[in-house]
Trainee: 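Structure in structure tokens, see below.
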Amino acid sequence: MSSAGTAVEVAPGAVSDATATPPGDRIVLRAVDMTKIYGVTEALKGVNFEVRPGKVTVLFGENGAGKSTLMKIMAGIEPPTRGYLELDGEVVEFGSTKEAEERGIAIIHQELNLCPNLSASDNLFLGRELRTRRRDIDYARQREVTRQMMARLEEDIDPSTPIAQLRLGQQQIVEVARALHAEARILIMDEPTSALSATEVEVLFRVIRDLKAQDVAVIYISHHLEEALEIADYAVVLRDGELVDTALAENVDLAWVVEKMTGRSEDYGLTDAKRRFGEPLLTLDHVDVVDVDNGRVAVSDFSLQVRAGEIVCLYGLMGAGRTELLEAIAGRGVVTHGHIRLAGEDVAGTSIRDRIAQGLGLVPEDRQRDGLVRLMTVGKNLSLASIGALARRWLISRGSENEQIQKQISDVRIKTVGANISITSLSGGNQQKVAIGKMLMTDPKVLLLDEPARGIDVGAKGEIFSLLFEQAERGLAVLYATSELNEALQFSHRIVVMSKGRIAGQFDPMTGIQLTGAAGEDGVNYLFQRGRGTVAIISAHPSNPYWQAEIDTARATATALGYETTTDAHENVPEVQKRLMDEAIGAGAVAIILDPAGADESIEVVRKATAAGIPVFLVNAEISEQGIAKSQIVSNNAQGAALGAQAWADAMGAAGKYVELFGNPTDRNAQLRSDAYAEVLSQLPGLTKVGQETANWDRAQGKDKMESLLSAHPDITGVIAGNDEMALGAIQALKDAGRLDGVLVLGFDGNQEAVNAVHKGEMVATVLQPIVEGTQHALQQMHRYLLTGETGAPEKQSLDCTLITGKNAHKFKNFSLRVTREDIMAASGEQVEDAVAGNEKGVEL
């Protein structure tokens with residue numbers, strides 16, 4: 001066999017059309033009928049897979065789907081049982097990775113393939129060392145090239161540093177640099193970002209885009225699904241060793257990927273689970289931690305409590321101090337100041353073993369190096385940390401051990417054929433379950449986890465966090481670290497953001513409340529104190545999803561702060577509003593949250609409530625008389641309408657005929673939006689308004705009025721609406737007439753149905769008014785006033801609007817009860833690109 005791979009003859013017509021190639025798209029590498037069998041396990045079942053130059057092909061699949069096996073065959077690590085590879089139209093066999101590299105195929109492995117005792121530079125050039133003229137290794141040149149590669153990846157790593165001294169994320173950067181330096185024309189990336197921060201991922205994505213421009217074919221595997229879709233040109237899904245589907249990435253979304261991967265829809269959001277918190281089980285009191293590797297202070301003046309039944313997430317960038325803090329709590333790090341208390345008992349001076357016995361367990365970041373013993377079986381790994389409890393007179397009770405192992409395999413839902421098989425035979429997700437199960441067998445009070453979902457698929461991630469929530473329901477206190485924002489937002493009761501070893505902020509992921517500000521505050525923030533009494537929430541239109549988001553947000557926020565709630569709606573009828581306000585006063589509400597039926601119509605009922613000693617906090621309101629309300633939130637109708645109109649005009653190409661669906665003519669908000677639309681569009685003479693109808697914020701009216709407008713103006717190319725309900729009605733009318741493909745619709749308000757319409761391409765864009773943020777703000781100020789007598793806010797506040805387009809609509813699933821990524825990223829010290837900040841938080845015009 002030649003070192004460049006051996007050509008092999010095959011029967012004609014063997015290539016399946018399962019991954020049919022779009023016309024004009026060249027194939028550089030093809031796997032044909034690829035089958036791999038390990039003993040009785042068929043890891044790949046006749047898979048046909050294609051790779052194109054200058055394109056990123058993302059391979060999706062759960063752990064055990066066969067992704068890594070397929071990549072190992074393509075990289076020359078393993079031979080197939082059946083099937084073959086076709087490179088540039090030539091059938092080849094690779095007997096080693098060196099042969100594959102010589103034909104231009106390089107791989108970044110899921111599990112790091114580095115020598116810990118060698119330096120970063122030595123690892124980069126291992127097996128392909130640079131030589132001097134005398135054939136000696138040119139170490140100086142290798143170090144210089146390593147510096148250049150680190151600069152390209154924007155990572156400050158000294159080439160001479162041993163790999164063992166680098167954090168896991170830094171080791172992964174070295175692995176990436178090693179593959180990039182090979183200058184391959186086909187680059188396989190198997191989980192390249194599993195230990196990288198969001199900023200580092202963006203750097204890697206820029207490098208990938210450069211590679212695409214150089215016609216390099218990239219195969220990309222990641223369990224970070226949204227991240228992978230961002231970079232993908234083609235999406236390919238494996239399930240149980242079979243290729244399930246292939247599609248252009250632009251035609252798929254996250255829901256498609258999850259359903260194809262798992263055969264079910266994604267439903268793993270657990271943040272809203274009922275909260276039952278007990279006494280503090282873990283208390284950190286002004287803790288300082290020193291990094292034993294370099295002597296620097298990694299954590300400074302850190303104070304935190306984690307209660308029984310609570311899941312707290314530590315979010316931060318690499319170097320924030322998360323790992324050092326967790327290891328210090330577990331007994332691996334050096335605490336130079338402060339106290340760590342477990343269930344009230346100070347653990348100072350106790351060993352790791354003693355802390356485990358007291359009820360404290362750590363699942364480390366690197367499960368391969370620190371969490372598992374690779375030479376042991378599944379069962380032996382599970383029982384390793386609790387072996388002392390299983391011993392009787394220095395002898396291990398095998399019966400008791402096996403009984404506990406089998407119970408843990410069942411409880412943790414580990415997918416294994418038995419306890420006696422090698423731990424290395426399990427998928428990454430199941431290995432992680434073993435690492436967690438090992439600590440759960442010690443019967444802990446507090447469980448610490450460092451990146452518990454690193455390198456595992458969406459299904460395994462959901463199962464692991466479901467397990468943690470089940471354990472929390474039983475009274476376990478959980479503190480875990482992650483660098484993935486979606487994880488923090490979906491799977492925690494509280495998010496603690498770390499930056500440079502300190503707490504930069506705390507967030508409630510369910511309500512979006514920022515619990516504390518910057519580190520260094522003295523005393524307990526008022527939002528940690530529990531409220532008492534009933535808050536009356538009186539909104540406008542509960543039948544409208546936009547106002548329902550207001551009600552849901554107010555109820556969830558009030559509940560999180562400790563209040564009981566009642567909810568009603570006046571449907572913009574002043575008489576009904578008066579009755580509901582009288583009922584709230586009579587029932588002894590401690591405060592009223594009101595979306596008023598209008599300024600003039602609401603002043604007297606607000607005065608009556610405040611005269612009775614009940615503060616009223618207004619949302620989406622423009623009552624300006626001082627002293628009427630404690631807090632007023634004004635939605636930026638004009639700013640949002642102008643923002644949406646510009647996006648709509650850009651999509652129209654600044655030319656065409658359009659109609660407007662106007663809101664309630666007596667409503668000031670409707671006029672503000674219409675005026676803002678007109679101001680933007682008046683500067684674009686190519687856009688001509690040919691008709692207008694009033695639909696009074698109603699979907700059914702929007703449909704009827706759109707049908708009338710279509711009849712009068714069949715050549716229109718655009719619709720601009722005063723709110724989403726009218727826009728959705730217009731979309732239905734356009735669908736019925738078979739005209740939706742030729743007409744661009746703009747909405748305003750950002751309810752979930754409109755977000756979905758934008759995502760499906762039925763609407764150009766919609767503007768999410770800050771009703772959610774405004775409601776949260778009003779509840780926070782209400783809570784502060786009831787506790788302290790101060791609102792801490794101006795009487796009137798103006799909030800930015802968020803533009804939702806087809807490019808970012810996928811980020812707004814269940815948006816109404818989620819804190820924005822920008823809030824958390826900013827607190828962590830991460831740089832937020834202008835475009836991201838604009839999409840997430842609002843754009844100033």
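Throughout, numbering of the chain's residues begins at 1 and tracks the sequence. Model, not experiment: these values are computed from the prediction.
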Trainee: Any Lys/Arg nitrogen of R699 or D724 sitting under 4.0 Å from an Asp/Glu carboxylate oxygen of the other?
Mentor: no

Trainee: What about H713 and Y658, are their ring centers closer than 6.0 Å?
Mentor: no

Trainee: With a 4.5 Å cut-off on side-chain heavy atoms, are V659 and Q692 touching?
Mentor: no

Trainee: Under 3.5 Å, is there a donor-acceptor pair between the side chain of E601 and the main chain of P574?
Mentor: no

Trainee: Looking at S708 and E693, what are the two nearest heavy atoms and their distance?
Mentor: OG-OE2, 3.9 Å

Trainee: To the nearest 0.5 angstrom, please state how far the CG atom of L643 sits from the CG atom of N636.
Mentor: 10.5 Å

Trainee: Can you name the nearest heavy-atom pair linking I585 to A609, along with the distance?
Mentor: CD1-CA, 3.7 Å

Trainee: Do the side chain of D698 and the main chain of A700 share a donor and acceptor less than 3.5 angstrom apart?
Mentor: yes

Trainee: Decide side chain to side chain contact (heavy atoms under 4.5 Å, CB included) for E310 and R494; before the verdict, give the C-alpha distance in whole Å, the side-chain angles of both, and the deciding distance to 0.1 Å.
Mentor: CA-CA 8 Å; E310 186 179 23; R494 182 161 39 117; 3.0 Å; yes

Trainee: Give the C-alpha distance, both sets of side-chain angles, the deciding distance and a yes or no for side-chain hydrogen bond (donor to acceptor under 3.5 Å, both in side chains) between S539 and D595.
Mentor: CA-CA 5 Å; S539 186; D595 188 337; 4.6 Å; no

Trainee: Decide yes or no on side chain to side chain contact (heavy atoms under 4.5 Å, CB included) for V590 and T534, but give the supporting numbers first.
Mentor: CA-CA 6 Å; V590 295; T534 299; 5.8 Å; no

Trainee: Does E564 CD have over 12 foreign heavy atoms under 6.0 Å away?
Mentor: no

Trainee: Before you tell me yes or no, could you show the steps for M726 and W697 under side chain to side chain contact (heavy atoms under 4.5 Å, CB included), namely the whole-Å CA-CA distance, both residues' side-chain angles and the distance that decides it to 0.1 Å?
Mentor: CA-CA 6 Å; M726 295 186 288; W697 312 116; 3.9 Å; yes

Trainee: Assess whether a salt bridge exists between K689 and E660, defined as any Lys/Arg side-chain N lying under 4.0 Å from an Asp/Glu carboxylate O.
Mentor: yes

Trainee: Are any of the side-chain heavy atoms of V496 and L304 separated by less than 4.5 Å?
Mentor: yes

Trainee: Quick one: CD on E753 to OG1 on T766, what's the gap to the nearest 0.5 Å?
Mentor: 11.5 Å

Trainee: With a 3.5 Å distance limit and no angle check, can you tell me whether R673 reaches the backbone of A641 through a side-chain donor-acceptor pair?
Mentor: no

Trainee: With distance as the sole test, does W648 use its side chain to make a donor-acceptor pair with the main-chain N or O of A765 at under 3.5 Å?
Mentor: no

Trainee: Rounded to the nearest 0.5 Å, how far apart are OG1 of T805 and CG of D650?
Mentor: 11.0 Å

Trainee: Parallel, tilted or perpendicular: which one describes the rings of F465 and F491, with boundaries at 30° and 60°?
Mentor: parallel

Trainee: Taking all heavy atoms of A540 and all of E550, pick out the closest pair and write down the distance.
Mentor: N-OE1, 4.2 Å

Trainee: Spell out, as yes or no, whether a donor-acceptor pair under 3.5 Å connects the side chain of S711 to the backbone of E707.
Mentor: no

Trainee: Quick one: do K735 and E762 make a salt bridge, cutoff under 4.0 Å?
Mentor: yes

Trainee: Is it the case that the side chain of T553 and the backbone of T775 share a donor-acceptor pair, with hydrogens and angles ignored and the cut-off at 3.5 Å?
Mentor: no

Trainee: In Å and rounded to the nearest 0.5 Å, what is the CG to CG distance from L709 to D704?
Mentor: 11.0 Å

Trainee: Please check if the side chain of S674 supplies one atom and the backbone of A670 the other of a donor-acceptor pair under 3.5 Å.
Mentor: no

Trainee: If every non-hydrogen atom of A730 is compared with every non-hydrogen atom of L661, which pair is closest and at what distance?
Mentor: CB-CD1, 3.7 Å

Trainee: Taking the side chain as everything from C-beta on, heavy atoms only, tell me whether L734 gets closer than 4.5 Å to V745.
Mentor: yes

Trainee: Determine yes or no for a side-chain-to-main-chain donor-acceptor pair under 3.5 angstrom, with H493 supplying the side chain and I311 the backbone.
Mentor: yes

Trainee: With rounding to the nearest 0.5 angstrom, report the CG to CZ distance, L779 to R555.
Mentor: 11.5 Å

Trainee: Could you walk me through whether V719 and M706 pass side chain to side chain contact (heavy atoms under 4.5 Å, CB included), step by step?
Mentor: CA-CA 9 Å; V719 178; M706 190 69 242; 3.7 Å; yes

Trainee: Might you point out which heavy atoms bring L684 and A654 nearest each other, and give the distance in Å?
Mentor: CD2-CB, 4.2 Å

Trainee: Are any non-hydrogen side-chain atoms of M782 and P615 less than 4.5 angstrom apart?
Mentor: no

Trainee: If we only count heavy atoms from C-beta on, is the I614 to I592 side-chain gap below 4.5 Å?
Mentor: yes

Trainee: Shortest non-hydrogen contact from G475 to L281?
Mentor: O-CD1, 3.6 Å

Trainee: Name the one of T694, N696, I720 that satisfies side-chain contact (heavy atoms from CB on, under 4.5 Å) with F662?
Mentor: T694

Trainee: Is there side-chain contact between L282 and Q305, with at least one heavy-atom pair below 4.5 Å?
Mentor: no

Trainee: Salt bridge or not between R579 and D568? Use side-chain N to carboxylate O under 4.0 Å.
Mentor: no

Trainee: Check for a donor-acceptor pair, side chain of T557 on one end and backbone N or O of A554 on the other, with a separation under 3.5 Å.
Mentor: no

Trainee: Between M763 and L746, is there a side-chain heavy-atom distance shorter than 4.5 Å?
Mentor: no

Trainee: Salt bridge or not between E604 and R607? Use side-chain N to carboxylate O under 4.0 Å.
Mentor: yes

Trainee: Look up atom CG in L803 and atom CD in Q646, then write down how far apart they are to the nearest 0.5 Å.
Mentor: 10.5 Å

Trainee: Are the side chains of H783 and Y563 in contact, using a 4.5 Å heavy-atom criterion?
Mentor: yes

Trainee: In this structure, are over 12 heavy atoms from other groups packed under 6.0 Å from E583 atom CD?
Mentor: yes

